[in-house]
Amino acid sequence: MDAFQGILKFFLNQKTVIGYSFMALLTVGSERLFSLVAFKCPCSTENVVYGLVFLFAPAWVLLILGFFLNGKSWRLFTGCCVNPRKIFPKGHSCRFFYVLGQITLSSLVAPMMWLSVALLNGTFYECAMSGTKSSRLVGLICQGKPQECRDELHKVSCGKTSMTPADNEEVKLSLQAQSQILGWCLICSASFFSLLTTCYARCRSKVSYLQLSFWKTYAQKEKEQLENTFLEYAKKLSERNLKCFFENKRPEVFPMPTFAAWEAASELHSFHQSQQHYSTLHKVVEDGLELSPEDDETTMVLVGTAHSV
């Protein structure tokens, strides 16, 4: 049992690495499926558009999904049309761009994986480049090859050119090599940029390494506890309402945060060394709430307003 708990703890501590590894495997599998099943290079003047669509359209979809599935996106934009001050709070006008940058960088992981895998495979790039109309690019691709290469470059992917099979295969391998070089350049650039941003964020950290580790642990535990509490309170409230409805009686007072408390706890968190609150909810509970049993609507009343948080 101890060994099992140790293994479980190890995987929980490495969940970020496991998540990225799973995403990478899923990306590789999806790319291979697209290449074998869906992708059929037309070998015509439409090669460029067709190849680029298969190369960049899935990356764009993954980017949109990254924004959609990121909880910070909805925390940032929920209610912003009703109250634009939520996006640009007083004294923290640049906070919006900082958080948007975090969301964007996080959402770019999956698209970068797709582009890297697709370029390393070379199928989409080969199709797109074989249909190029640029005389300069055609000259570079067909350098040292017969005139048929320039005239029938769009047919190289299908092997239907008038060139010898050896020349046709050589051109294909050249295009695939270019694609793989671009793929490795993209991987190296993304890795280096990721290292730079991580180092910059750590150098600008307002807390020490151990406190930052505690902060991350607290944020994860608070999220888990919050989801469980949502389920518990939603169940209790629904049970109370259904019971009162069918028994036709007035409901008892149910403890719930006020509207202002919900608003304050939903704001983006800003860390201050003097207060050391590890989340917006932590800050609201420490500084902004008091118990008031006499309140008819709720037993939790926010001191002040959401603008003071």
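This is a predicted model, so every value here is computed, not measured.
For the salt bridge (Lys or Arg N to Asp or Glu O under 4.0 Å) test, no residue two or more places apart in sequence or in another chain qualifies with Glu239. For His277, there are no side chain to side chain donor-acceptor pair (under 3.5 Å) partners at least two apart in sequence or on another chain. Taking the salt bridge (Lys or Arg N to Asp or Glu O under 4.0 Å) definition, one finds that Lys72 meets it with nothing, sequence neighbours left out. The side chain to side chain donor-acceptor pair (under 3.5 Å) search around Tyr278 returns Gln211, not counting sequence neighbours. Legend: residues meeting salt bridge (Lys or Arg N to Asp or Glu O under 4.0 Å) with Glu252, ordered by chain and number and at least two apart, are absent. Residues passing the side chain to side chain donor-acceptor pair (under 3.5 Å) test with Tyr218 are Glu222, sequence neighbours excluded. When the salt bridge (Lys or Arg N to Asp or Glu O under 4.0 Å) test is applied to Lys155, no partner is found at least two apart in sequence or on another chain.
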Under 3.5 Å, sequence neighbours excluded: what are the donor-acceptor pairs made by side chains of residues 169-178?
unit_1: Glu170; atom_1: OE2; unit_2: Lys145; atom_2: NZ; d: 3.1
unit_1: Gln176; atom_1: NE2; unit_2: Glu126; atom_2: OE1; d: 2.9
unit_1: Gln178; atom_1: OE1; unit_2: Tyr125; atom_2: OH; d: 3.1

For a quick test of your reading: what N or O donor-acceptor pairs under 3.5 Å do the side chains of residues 132-141 make, sequence neighbours left out?
unit_1: Thr132; atom_1: OG1; unit_2: Ser134; atom_2: N; d: 3.2
unit_1: Ser134; atom_1: OG; unit_2: Leu137; atom_2: N; d: 3.4

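In plain terms, the two heavy atoms of Val156 and Asn168 that are nearest each other are O-ND2, 3.4 Å. Closest of all the heavy-atom pairs between Pro257 and Ala261 is CB-CB, 3.9 Å. Residues Trp74 and Phe68 approach most closely at NE1-O, 2.8 Å, considering heavy atoms. Nearest heavy-atom pair across Leu62 and Ala110 is CD1-O, 3.7 Å. The minimum heavy-atom distance between Leu119 and Gly183, with the atom names listed, is CB-CA, 3.6 Å. Annotation for Pro146 and Met163: closest pair CG-CG, 4.1 Å, computed over non-hydrogen atoms.
Residue Glu247 qualifies as enclosed at atom CD: its count of foreign heavy atoms under 6.0 Å is above 12.
Counting only residues at least two apart or on different chains, the disulfide (SG to SG under 2.5 Å) pairs with a member in residues 98-213 are Cys41-Cys127, Cys43-Cys158, Cys142-Cys149. Applying the disulfide (SG to SG under 2.5 Å) test to residues at least two apart or on different chains, none of the pairs has a partner in residues 210-266.
By the rule that hydrophobic residues join a cluster once side-chain heavy atoms approach within less than 4.5 Å of another member, Ile64 and Val53 end up as members of separate clusters. Connection of Leu55 to Val49 is not established within any shared hydrophobic cluster, with ILVMFWY side chains joined at heavy-atom distances below 4.5 Å, either directly or through further cluster members. When hydrophobic clusters are built by joining Ile, Leu, Val, Met, Phe, Trp and Tyr residues whose side-chain heavy atoms come closer than 4.5 Å, directly or via intermediates, Tyr233 is grouped together with Phe230. Connection of Leu63 to Val99 is established within a shared hydrophobic cluster, with ILVMFWY side chains joined at heavy-atom distances below 4.5 Å, either directly or through further cluster members. Under the 4.5 Å side-chain contact rule for hydrophobic residues, Phe56 and Leu182 share a cluster.
The distance from the CE atom of Met129 to the NE2 atom of His154 is 15.5 Å, given to the nearest 0.5 Å. Rounded to the nearest 0.5 Å, atoms NZ (Lys236) and CG (Asn241) are 14.0 Å apart. Atom CZ of Phe67 sits about 6.5 Å away from atom OG of Ser73, to the nearest 0.5 Å. Considering CG of Asn121 and OG of Ser179, their distance stands at 7.5 Å, rounded to 0.5 Å. To the nearest 0.5 Å, atoms CG (Asn47) and CG (Leu52) are separated by 10.0 Å. Within the model, atoms CG of Asn70 and CG of Leu65 stand 12.0 Å from one another, a figure rounded to the nearest 0.5 Å.
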Query raised in the report: Step by step, would you call Thr198 with Leu195 a side chain to side chain contact (heavy atoms under 4.5 Å, CB included)?
Result: CA-CA 5 Å; Thr198 302; Leu195 177 63; 5.6 Å; no
Requested in this report: Let me see the working for Lys249 and Lys243 under side chain to side chain contact (heavy atoms under 4.5 Å, CB included), right down to the final yes or no.
Outcome: CA-CA 9 Å; Lys249 65 179 183 180; Lys243 183 177 180 180; 4.0 Å; yes
Requested in this report: Given side chain to side chain contact (heavy atoms under 4.5 Å, CB included), test Leu210 with Phe214 step by step and report yes or no.
Outcome: CA-CA 6 Å; Leu210 289 177; Phe214 173 79; over 6 Å; no
Query raised in the report: Given the rule in the side chain to side chain contact (heavy atoms under 4.5 Å, CB included) test, do Leu105 and Phe193 qualify, once you have shown the distances and angles that lead to the verdict?
Result: CA-CA 10 Å; Leu105 289 176; Phe193 181 75; 3.5 Å; yes
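For the 3.5 Å distance criterion, the side chains of Asn228 and Glu224 fail to qualify, holding no donor opposite an acceptor. For Asp167 and Thr164, the side-chain atoms include at least one donor-acceptor pair closer than 3.5 Å.
Between Phe124 and Trp114, the angle of the ring planes stays under 30°, which puts this pair in the parallel group of the 30/60° scheme. A tilted orientation is assigned to the rings of Phe39 and Tyr50, their planes being inclined by 30° to 60°.
With hydrogens and angles ignored, the 3.5 Å screen pairs no side-chain donor or acceptor of Ser189 with any backbone N or O of Leu186. Judged purely by atom type and a 3.5 angstrom limit, Glu148 has no side-chain atom pairing as donor or acceptor with the backbone of Ser162.
Grouped by direct or indirect side-chain proximity (heavy atoms under 4.5 Å, Ile/Leu/Val/Met/Phe/Trp/Tyr only), Phe245 sits with Leu242, Phe246.
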